[in-house]
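Note that these values count all heavy atoms, side chains included, but never hydrogens, waters or copies made by symmetry. Lettering follows sequence order; numbering is per chain, from 1. Since the structure is predicted, the reported quantities are computational estimates derived from the model, not experimental observations.
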2 protein chains.
Amino acid sequence: MALRKTFLFMDTIINKVDAKGRVSLPSDYRAIVKELSTEIVCYRSLTSPCIEGCLEDLLDKLATDMENSLDFFSQTQDDLTNLIFGDAKRFPFDSTGRIVLTEKLLKHAQITDTAVFVGKGRKFQVWNPENWEKEEARIRAEVLKNRPSLAPKENV
Amino acid sequence: MALRKTFLFMDTIINKVDAKGRVSLPSDYRAIVKELSTEIVCYRSLTSPCIEGCLEDLLDKLATDMENSLDFFSQTQDDLTNLIFGDAKRFPFDSTGRIVLTEKLLKHAQITDTAVFVGKGRKFQVWNPENWEKEEARIRAEVLKNRPSLAPKENV
DNA sequence: TTGCATACCATATTTTCCCATGTTATATAA
DNA sequence: TTATATAACATGGGAAAATATGGTATGCAA
């Protein structure tokens, strides 16, 4: 397989969640994980009723950044690491490509028997179908309304 | 088992502590210790009523950083390292995956029969359940309030 | 010996792994 | 292009392994 240059979570995939919390990770996502020899990490979104996921490498980078930027005994660092790493968990997938979501995550995202995977580039989200439908509509409306201010030069 | 690239303590795990102070180390944590052929080190948190733990390697890194630091003669850092290294102790786990916490540590964290392990990336903490519940609420409120200024570059 | 700490054993429960099957997507040949 | 073969994927169920946790035995030291 040719090595790719970019690794982005994309597309929107709907999969079943069984009674054990098992759900197939979209095959495109699995390909990324395999190629980078890493793992998926998931945690509750801080701001939305959904599960958020990323590659373990990203959290490792975060851990290193915090070690280097804030001093060893910083209170702020303490709070942040507790919140992020206390909630995150690795989710290795089995030979059939499934991960087992925890009760905590499913409850936070109000997911019962169906999950919607939504690509976000370096991250992805997992939603309850109805919630995602509303959220997507909201986002579309929001983006259209603010369109002029999204031009690259006006960012940051 | 494929060698992993990253070693992070994550997730929040609740385990029983028996009359002897025995408690199962979360299996994810044990996997890291085994894979790196190292040991867990625990000490009383300097700032919170909890036990703090990490890999022995990290304390070694701390010692090295102190040697190389411009603050080599800093009274504060000197005091802090005294406190940590004076308090730290290795905690090997037995064949069933348990460590035996000392009376000193349990008392400091006000732990009796239940312990909450909270991942912090390179470190982890062990809390009394009620205290952790309050602490988590405090952190969430604090982080949400200051969120913009806490975003480390591209993350969160 | 007695007290204490460590190592060993037993078991219920949880989690992971493996197999089977229907379905979808992709490739190949007519 | 269309039909057919092949491979990849999603998903359900059950077997096997790992985990958490209580209890007992063993060794060492006071």
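Looking at residues two or more places apart in sequence or on another chain, you find a ring-ring contact (aromatic ring centres under 6.0 Å, His included) between Y29(B) and F9(B), F124(B).
Ionic pairing of R140(A) and E136(A) is present here: one or more N-O contacts between side-chain nitrogen and carboxylate oxygen are shorter than 4.0 angstrom. Between D78(A) and K120(B) there is a salt bridge, with a side-chain nitrogen of the basic residue lying less than 4.0 Å from a carboxylate oxygen of the acidic one. At a threshold of 4.0 Å, the pair K61(A)-D65(A) counts as salt-bridged, since one of the basic side-chain nitrogens sits closer than that to a carboxylate oxygen.
Under the side chain to side chain contact (heavy atoms under 4.5 Å, CB included) rule, F117(A) has a single partner from V23(A), D11(A), T12(A), which is V23(A).
Judged by closest nucleotide on DNA chain D, D28(B) is the one of D28(B) and V17(B) placed further toward the 5' end.
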Y43(A)/C54(A) under side chain to side chain contact (heavy atoms under 4.5 Å, CB included): CA gap, chis, key distance, verdict: CA-CA 9 Å; Y43(A) 50 94; C54(A) 66; 4.2 Å; yes

Yes or no on side chain to side chain contact (heavy atoms under 4.5 Å, CB included) for E135(A) and I139(A), after CA distance, side-chain angles and deciding distance? CA-CA 6 Å; E135(A) 176 71 1; I139(A) 294 173; 3.7 Å; yes

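Counting heavy atoms from C-beta outward, E39(A) and L55(A) have side chains that stay 4.5 Å or more apart. Side-chain contact between I84(B) and L59(B): present, with at least one pair of heavy atoms (C-beta onward) separated by less than 4.5 Å. Side-chain atoms of I51(A) and R44(A), non-hydrogen and from C-beta on, never get closer than 4.5 Å to each other. Using a 4.5 Å heavy-atom threshold, the side chains of L25(A) and R98(A) count as separate.
Protein chain A contacts DNA chain C from dT16(C) to dC19(C), reading 5' to 3' and using non-hydrogen atoms of the protein with a distance under 4.0 Å.
When heavy atoms are screened at a 4.0 angstrom cut-off, D94(A) is found touching no nucleic acid atom at all.
Of the residues in residues 103-118 of chain A, not one comes within less than 4.0 Å of DNA chain D through any heavy atom.
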Ignoring hydrogens and angles, write down the donor-acceptor pairs under 3.5 Å from the side chains of residues 99-109 of chain B, residues two or more places apart or on other chains.
unit_1	atom_1	unit_2	atom_2	d
T102(B)	OG1	L105(B)	N	3.3
K104(B)	NZ	D87(B)	OD1	3.0
H108(B)	NE2	S45(B)	O	3.2
H108(B)	NE2	S48(B)	O	3.0

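For the helix from dT1(C)-dA30(D) to dA30(C)-dT1(D), the axis fitted to the five pairs at one end and the axis fitted to the five pairs at the other end meet at an angle of 40° (nearest 10 degrees).
Distances from the side chain of K20(B) to the nucleotides dG13(D), dT24(D), dG23(D) place dT24(D) closest.
Between the side chain of E35(B) and the backbone N or O of R4(B), at least one donor-acceptor pair lies under 3.5 Å.
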Using atom names, set out every protein N or O paired with an N or O of nucleotides 6-10 of chain D below 3.5 Å, distance rounded to 0.1 Å.
unit_1	atom_1	unit_2	atom_2	d
dA10(D)	OP2	R30(A)	NH1	2.9

